[in-house]
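To keep things clear, I will list the structure first and then write my remarks on it.
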Amino acid sequence: MATQKSFLTFTQQVTSLSDKNIIISNSQYAEEMLQRIGYFSLMGYKHLFRIPLTKKYKSGTSFDEIVALYQFDAEPKRVISEISASD
């Protein structure tokens, strides 16, 4: 039987990311991004920085880089969606 994971507050999510070697330069900003974007939507991008076969991330990996990748990927989707909606 699979172990059920408990819900983490945004503060706990930030702490968890920090514990995995992800640099959090501004905890309040990190919490706001997690609240606005969502943990699972945003964390899909952290795997690019993962050390294979571990749950840790490469030295120097920052939360800001993960957010930047998310935003870079989201922008074309937003533009295409706007174009499609205007037709």
Side-chain angles (χ1 to χ4, degrees):
M1 180 179 235
T3 304
Q4 186 175 0
K5 293 185 177 185
S6 60
F7 172 80
L8 298 178
T9 66
F10 295 113
T11 301
Q12 291 169 325
Q13 291 173 17
V14 170
T15 300
S16 175
L17 293 171
S18 182
D19 290 346
K20 294 176 182 170
N21 294 337
I22 295 175
I23 298 166
I24 308 292
S25 59
N26 183 330
S27 294
Q28 183 177 349
Y29 169 77
E31 286 183 37
E32 289 171 7
M33 290 298 100
L34 288 166
Q35 201 168 18
R36 186 170 68 180
I37 298 169
Y39 182 87
F40 291 104
S41 295
L42 190 55
M43 292 302 103
Y45 295 88
K46 73 180 181 177
H47 297 292
L48 297 169
F49 302 100
R50 195 172 195 167
I51 298 170
L53 306 176
T54 72
K55 293 185 176 186
K56 297 283 184 178
Y57 295 85
K58 296 175 185 174
S59 178
T61 299
S62 74
F63 183 81
D64 294 341
E65 289 174 311
I66 295 168
V67 171
L69 279 173
Y70 171 86
Q71 291 170 335
F72 177 79
D73 190 44
E75 183 61 17
K77 293 175 185 176
R78 185 191 63 76
V79 170
I80 291 169
S81 177
E82 284 180 8
I83 291 170
S84 297
S86 67
D87 287 341

Margin query: Before we go on, tell me: are the rings of Tyr45 and Tyr70 under 6.0 Å apart, centre to centre?
Written below: yes
Work out which heavy atom in [X] is nearest to a heavy atom in [Y]; give both atom names and the distance.
X: Leu8; Y: Gln13; answer: O-NE2, 3.2 Å
X: Thr54; Y: Lys56; answer: OG1-N, 3.2 Å
X: Ala30; Y: Ile24; answer: CB-CG2, 3.9 Å
X: Ile22; Y: Phe63; answer: CG2-N, 3.6 Å
X: Gln71; Y: Arg36; answer: NE2-NH2, 4.3 Å
X: Ile66; Y: Met43; answer: CG2-CE, 4.0 Å

Notebook entry, point to check: Going by atom types only, do Glu32 and Gln28 share a side-chain donor-acceptor pair under 3.5 Å?
Noted result: yes
So how far is it from [X] [atom1] to [Y] [atom2], rounded to the nearest 0.5 Å?
X: Leu34; Y: Tyr29; atom1: CG; atom2: OH; value: 10.0 Å
X: Gln12; Y: Asp19; atom1: CD; atom2: CG; value: 11.0 Å
X: Ser62; Y: Leu17; atom1: OG; atom2: CG; value: 11.5 Å

Note to self: I'd like to know if Leu48 and Ile23 are part of one continuous hydrophobic network [Ile/Leu/Val/Met/Phe/Trp/Tyr, side-chain heavy atoms within less than 4.5 Å].
What the structure shows: no
Check: Mind checking whether Ile37 and Phe40 sit in one hydrophobic cluster, side chains of I, L, V, M, F, W, Y counted as touching below 4.5 Å?
Finding: yes
Notebook entry, point to check: Can you say whether the rings of His47 and Tyr57 are parallel (under 30°), tilted (30 to 60°) or perpendicular (over 60°)?
Noted result: tilted
Next item on the list: Answer whether the closest heavy-atom distance between the side chains of Asn21 and Phe49 falls below 4.5 Å.
Entry: no
